Trainee: 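My structure is below; once you've seen it, I'll send some questions.
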Amino acid sequence: MNAAGPTLFDWARRAARPVFYLGNNRVSQLGVVLTTASAITLLTFYTTEFFGVHPGPYVGIITYLILPGVFVLGLLIIPAGIARKLRRERRAGQLPPTYPQINLADVRLRETIYFVIVMSGLNLALFLTATYRGVHYMDSTQFCGLPCHSVMEPEYTAYQNSPHARVACIECHIGPGAPWFVRSKLSGAYQVLSVNLNLYSRPIPTPIEDLRPSRETCEQCHWPLKFHGDKIVVRPHFAEDEPNTKTYTVLSLHTGGIDPLTRQPVGNHGVHLMPAAQIDYYAADHARQQILYVRYRKADGQVVEFVAGDAGKPLEELRAQPLRQMDCMDCHNRPTHTFELPGPALDRALNAGRIEPALPFAKKQGLELLQLSYASQAEAASQLRTRWRDFYRQQHPALFNSHRQAIEQGADALVDIYSRNVFPQMNIFWSTYPNNLGHDPAPGCFRCHDGAHSTPDGSRTIPNDCSTCHALLAFEEPEPDILKTLRGE
Ligand code: HEC
Ligand code: HEC
Ligand code: HEC
Ligand code: HEC
Ligand code: HEC
């Protein structure tokens, strides 16, 4: 046996005496009860989970956040009770001059000590597991999207129908690294509070003030220098006439990038993603829709400034404003919370046959109904169905009987479009959240490329020629030749 062994043991025995004496109080006992009860419940949950029973998002709040909280509270109450008793007895002069001996020959006491040691080990393991799982749970898409249902529903709904439906919320909203992790947990705690106290704004304002720069989020997955070349986009369009006349718009978007051979910028990504080049701007409004001043530092270091024609402020004053450095999010501000507008949404539904194009005036009627104002999604659902049916019953009675199923299916599609895009409880209506990728109906690219942002001497203007960003190969044509070519006809 080690020579230090007995001394260390003696010391431990002496040190444990006040704990045993002072631990004998109501508060500490309550702590033990809380800890034990929550520990047993937690273990039960973990066991059921081990056998494949997974809690829903709401049960998740209890198992991952509340129970561990009670557990930790219990652990904290134990020393608090000890401190309280110490203070009281000292003040009253009741503290014994020496604490009672711990007699290890006493079997009951020995058993108690073993029990405390085993439980402490178990508690530590449980505490670490619960912390790990709690943190993990708070990072889950389920936690971000579901518990604060009405608040996050719009973003969550749009997200589920987007190219990023399998990318976790935190990948874009938090990203890697400890400081952002801590920041996000603090802000998350505030958000839970604000939801419970009903303090949050409706709609949640966009853009997010301190969103992490895309270099540290999007670019963890997307290589900014990737060369995309051109992208052909075919957009079917249905007119608001009786036969819902179908036409096509065909665009060749010059997405481009950095040409891998010449290292020169090409197309829409081109100068915007050129390494060493940088574009900063000043917007007059919070939504960043009115851009008054743009500073373009080229890759060779030359700086060019552009001022909006109607800026109404001297250059010196504009320069002194806080500037925002342009990144992916200034164009792709809706990469995943992509809310549709009623026109394009109806075009998509008609094109897919979810709304039967043979129903007369389907587009016109759909547009009118979708744009009425309803108090809630539930009211919208019932009103949309009734009015849609009434329209065909009254205006086209023969068809109403012969195409009953198509009419019902069309009503389903309308309700679906509405409930994915309009959230009256959050004050989100059509185009509450502008999409900056394009120029209709939000100004998007035209916030700078409107032909009216020029250098102070007027010698250079941010280009807005229609062929700068895309080739318009067909515009609302019934059977464009380019489409036949693309189909190989
Ligand atoms: C692909 C990246 C990405 C993912 C994944 C993502 N978001 Fe977003 N989110 C964004 C961007 C970009 C914005 C707009 C930021 C801006 O313009 O400042 C945004 C904005 C928001 C907003 C502010 C309101 C708005 O619509 O502008 C909320 C709330 C939000 N996201 C919640 C979520 C939730 C909840 C999830 C997971 C279910 C999620 N996000 C997943 C990129 C993402
Ligand atoms: C965790 C990885 C990841 C992150 C982070 C991420 N993306 Fe993506 N993104 C993807 C994947 C994977 C796809 C391809 C999806 C597909 O084609 O099915 C994609 C597709 C896209 C597309 C093409 C969409 C389309 O219509 O086909 C754009 C644009 C895009 N991402 C922009 C962004 C932006 C902007 C951000 C940051 C706000 C971002 N991404 C963050 C993985 C990611
Ligand atoms: C100046 C505006 C602008 C900026 C800044 C920008 N993009 Fe794009 N990006 C576009 C346009 C325009 C398209 C083509 C639109 C479409 O696909 O509908 C596009 C397309 C894409 C695509 C799809 C390409 C394809 O072939 O389908 C991805 C992925 C993408 N961008 C990622 C990014 C990432 C990541 C960043 C930041 C590093 C970024 N973009 C910055 C304008 C921009
Ligand atoms: C904040 C202002 C701003 C916004 C918003 C913006 N751009 Fe630009 N863009 C610029 C500046 C500045 C240049 C460089 C102009 C120059 O070289 O004189 C540029 C250059 C370009 C070029 C190269 C033009 C050429 O012929 O050299 C393309 C293409 C382009 N942008 C596409 C887009 C697209 C597409 C969008 C929207 C998705 C967009 N930009 C949004 C500021 C902006
Ligand atoms: C600064 C870049 C830029 C310039 C300049 C520009 N566009 Fe576009 N345009 C875009 C982008 C990006 C989209 C794609 C938006 C999308 O994916 O829906 C687009 C989409 C379109 C569409 C398709 C809309 C639809 O039905 O989906 C039309 C039509 C169009 N542009 C016409 C024009 C015309 C006409 C001009 C000249 C006055 C012009 N554009 C100038 C960037 C530009």
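Atoms within each ligand, like the ligands themselves, are counted from 1 in listed order. Fair warning: this is a prediction, and the values are worked out from it, not measured in the lab.
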Trainee: Quick one: which ligand 1 atoms are inside 4.0 Å of a heavy atom on Pro207?
Mentor: 16 (C), 17 (O), 18 (O)
Trainee: How are the rings of Phe361 and Phe391 set to each other: parallel, tilted or perpendicular (split at 30° and 60°)?
Mentor: perpendicular
Trainee: With no hydrogens and no angle check, do the side chains of Ser252 and Asp230 hold a donor and an acceptor under 3.5 Å apart?
Mentor: yes
Trainee: Which atoms from ligand 2 have a heavy atom of Met329 less than 4.0 Å away?
Mentor: 38 (C)
Trainee: Could you check which of His222, Glu216, Glu219 puts a non-hydrogen atom nearest to atom 40 (N) of ligand 2?
Mentor: His222
Trainee: Does the structure place the NZ or CZ of Arg460 under 6.0 Å from the centre of the six-membered ring of Tyr296, at an angle of no more than 45° from the ring's axis?
Mentor: no
Trainee: Strictly under 6.0 Å, is that where the ring centroids of His269 and His228 end up?
Mentor: yes
Trainee: Under 6.0 Å from the CZ atom of Phe227, do we count more than 12 heavy atoms belonging to anything else shown?
Mentor: yes
Trainee: Any idea how Trp388 and Tyr392 line up, ring-wise: parallel (<30°), tilted (30 to 60°), or perpendicular (>60°)?
Mentor: perpendicular
Trainee: Does the distance from a Lys or Arg side-chain N to an Asp or Glu carboxylate O, for Asp330 and Arg447, drop under 4.0 Å?
Mentor: no
Trainee: Other residues, nucleotides and ligands only: do more than 12 of their heavy atoms fall within 6.0 Å of CZ on Arg487?
Mentor: yes
Trainee: Side chains of Gln425 and Glu153: is there a donor and an acceptor less than 3.5 Å apart?
Mentor: yes
Trainee: Under 4.0 Å, heavy-atom basis, I'd like to know which part of Arg334 is in contact with ligand 1: side chain, backbone, both or neither.
Mentor: side chain
Trainee: Are any non-hydrogen protein atoms located under 4.0 Å from atom 27 (O) of ligand 4?
Mentor: no
Trainee: What part of Ile279 sits under 4.0 Å from ligand 4 if we count only heavy atoms: the side chain, the backbone, both or neither?
Mentor: side chain
Trainee: If we only consider heavy atoms of Met152, is any one of them less than 4.0 Å away from an atom in ligand 1?
Mentor: yes
Trainee: If you count the non-hydrogen atoms of other residues, nucleotides and ligands that lie under 6.0 Å from NZ in Lys226, is the total more than 12?
Mentor: no
Trainee: Check Cys445 against ligand 4 and report side chain, backbone, both or neither, counting heavy atoms closer than 4.0 Å.
Mentor: both
Trainee: Hey, does Lys231 come in under 3.5 Å of ligand 2, counting only N/O atoms on both sides?
Mentor: no
Trainee: Among protein heavy atoms, which sits nearest to atom 34 (C) of ligand 1, and what does the distance come to when rounded to 0.1 Å?
Mentor: Cys169 SG, 3.6 Å
Trainee: What protein heavy atom sits nearest atom 20 (C) of ligand 4, and how far off is it?
Mentor: Val271 CG2, 3.4 Å
Trainee: Taking non-hydrogen atoms only, is Cys218 closer than 4.0 angstrom to ligand 1 via side chain, backbone, both or neither?
Mentor: neither
Trainee: Going through the distances and angles, do Tyr418 and Tyr374 end up as a ring-ring contact (aromatic ring centres under 6.0 Å, His included)?
Mentor: CA-CA 10 Å; Tyr418 188 91; Tyr374 305 99; 5.5 Å; yes
Trainee: Within ligand 4, which atoms have a heavy atom of Thr468 less than 4.0 Å away?
Mentor: 24 (C), 29 (C)
Trainee: Taking atom 8 (Fe) of ligand 4 as the point of reference, which of His449, Gln325, His453, Arg460 owns the nearest heavy atom?
Mentor: His449
Trainee: Counting heavy atoms only, which part of Ile208 comes closer than 4.0 Å to ligand 1: side chain, backbone, both or neither?
Mentor: both
Trainee: Between Asp241 and Lys363, does any side-chain N to carboxylate O distance fall below 4.0 Å?
Mentor: no
Trainee: For atom 15 (C) of ligand 1, find the nearest protein heavy atom and state the residue, atom name and distance (0.1 Å precision).
Mentor: Leu211 CD2, 3.6 Å
Trainee: With heavy atoms under 4.0 Å as the rule, classify the contact between His164 and ligand 2 as side chain, backbone, both or neither.
Mentor: side chain
Trainee: Taking distance alone, with no angle check, do Thr217 and ligand 2 share an N/O pair under 3.5 Å?
Mentor: no
Trainee: Pick, from Cys172, Pro154, Ser162, the option with the minimum heavy-atom distance to atom 3 (C) of ligand 1.
Mentor: Cys172
Trainee: Could you tell me, atom by atom, which parts of ligand 4 come under 4.0 Å of a heavy atom of Arg447?
Mentor: 5 (C)
Trainee: Does a side chain donor of either His164 or Glu171 reach within less than 3.5 Å of an acceptor in the other side chain?
Mentor: no
Trainee: May I ask you to list the atoms of ligand 2 that are less than 4.0 angstrom from any heavy atom of His332?
Mentor: 29 (C), 35 (C)
Trainee: Between Pro163, Cys221, Pro335, flag the one that comes closest to atom 18 (O) of ligand 2 by a heavy atom.
Mentor: Pro163
Trainee: Which heavy atom of the protein is the closest neighbour of atom 39 (C) of ligand 1, given with residue, atom name and distance?
Mentor: His337 CE1, 3.2 Å
Trainee: With heavy atoms only and a cut-off of under 4.0 Å, state how His439 meets ligand 4: side chain, backbone, both or neither.
Mentor: neither
Trainee: Should you measure from each heavy atom of Asn333, which atoms of ligand 1 turn up under 4.0 Å away?
Mentor: 12 (C), 13 (C), 14 (C), 17 (O)
Trainee: Could you check whether Arg334 makes a cation-pi contact with Phe339, meaning its NZ or CZ is under 6.0 Å from the centre of the six-membered ring and within 45° of the ring axis?
Mentor: no
Trainee: How far is atom 30 (C) of ligand 1 from the closest protein heavy atom, and which atom is that?
Mentor: Glu155 CG, 3.4 Å
Trainee: Judged on heavy-atom distance to atom 5 (C) of ligand 4, which of Cys448, Pro265, Ala283 sits nearest?
Mentor: Cys448
Trainee: State the CG-OG1 distance between Leu122 and Thr35, to the nearest 0.5 angstrom.
Mentor: 12.0 Å
Trainee: Return yes when atom CD of Glu479 has more than 12 non-hydrogen atoms of other residues, nucleotides or ligands closer than 6.0 Å, and no otherwise.
Mentor: yes
Trainee: Between His173 and ligand 1, does any nitrogen or oxygen pair lie at a separation below 3.5 Å?
Mentor: yes
Trainee: Does ligand 4 have a heavy atom under 4.0 Å from the side chain of His254, from its backbone, from both, or from neither?
Mentor: neither
Trainee: Identify the closest protein heavy atom to atom 25 (C) of ligand 4: which residue and atom is it, and at what distance?
Mentor: Pro463 CG, 4.1 Å
Trainee: Do His439 and Phe446 make the cut of ring centroids closer than 6.0 angstrom?
Mentor: yes
Trainee: Ignoring hydrogens and angles, state whether a donor on the side chain of Tyr200 or Arg202 is under 3.5 Å from an acceptor on the partner side chain.
Mentor: yes
Trainee: Which N, O or S atom name in His272 marks its closest approach to atom 8 (Fe) of ligand 4?
Mentor: NE2
